[in-house]
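I have placed the structure first, in the form of structure tokens, so that the comments after it can refer back to it.
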Amino acid sequence: MTDRDSPLTEAFFYILLALRRPNHGYGIIQEVEQLTDGRVALGPGTLYGAIQTLQKRGWIQIYSVDTESRKKKEYVITGEGREVFAAEMARLKELLENGQLMEGLGDD
């Protein structure tokens, strides 16, 4: 099983979602908290560790570097990252549909 075939962690899922348009680290943290109503709060260590891993996998890339502002970097999802995200969405949809189907059958 490759990294592409493994289920995404919740952090990876939300980081990829937040990077559908260019965003910097603090912006990612804010967007994830907003999307999850505060349930998921990414700390800087978790975020930047995940960013490094996602870059190594080729799922995100640096979009721009602001040299005026302590080299603040913006990141964006890549085409490969979009494919991985779409596959994860399909996997999650299947899980939800199967769960709803079985729930509807009951334990009669």
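Because only heavy atoms are used, hydrogens play no part in the values below, and waters and symmetry mates are left out as well, while side chains stay in.
Leu42 is listed as a side-chain neighbour of Ile15, based on a closest heavy-atom distance under 4.5 Å. The closest side-chain heavy-atom distance from Val32 to Leu47 is not below 4.5 Å. Residues Ile62 and Tyr75 form a side-chain contact, since some pair of their non-hydrogen atoms from C-beta on lies under 4.5 Å apart. Side-chain contact between Tyr26 and Lys72 is absent, with no heavy-atom pair separated by less than 4.5 Å.
No chain of hydrophobic side-chain contacts below 4.5 Å, direct or via other Ile, Leu, Val, Met, Phe, Trp or Tyr residues, connects Val76 to Leu8.
Separation of atoms CD (Glu74) and CZ (Arg21) is listed at 10.5 Å; rounding is to 0.5 Å. The line from CD of Gln30 to CG of Asn23 is 8.5 Å long, rounded to the nearest 0.5 Å. Between Tyr48 atom OH and Ile28 atom CD1 the span is 7.0 Å, to the nearest 0.5 Å. Distance CD1/Ile29 to CD/Gln34: 14.0 Å, rounded to 0.5 Å.
Not counting sequence neighbours, the partners of Phe13 by the ring pair (Phe, Tyr, Trp, His ring centres under 6.0 Å) test are Phe85. Applying the ring pair (Phe, Tyr, Trp, His ring centres under 6.0 Å) criterion to Phe12, with sequence neighbours excluded, gives no partner residue.
No donor-acceptor pair under 3.5 Å is formed between the side chain of Thr78 and the backbone N or O of Gln61. Side chain of Arg20 to main chain of Arg82: no donor-acceptor pair is present (N/O by atom type, distance under 3.5 Å, no hydrogens or angles). In terms of modelled atom types and a separation under 3.5 Å, the side chain of Arg57 and the main chain of Leu54 share no donor-acceptor contact.
Of all non-hydrogen atoms in Thr36 and Tyr14, the two that sit nearest each other are CG2-CZ, 3.4 Å.
Ion pairing between Glu88 and Arg91 holds under the 4.0 Å rule for side-chain N and carboxylate O.
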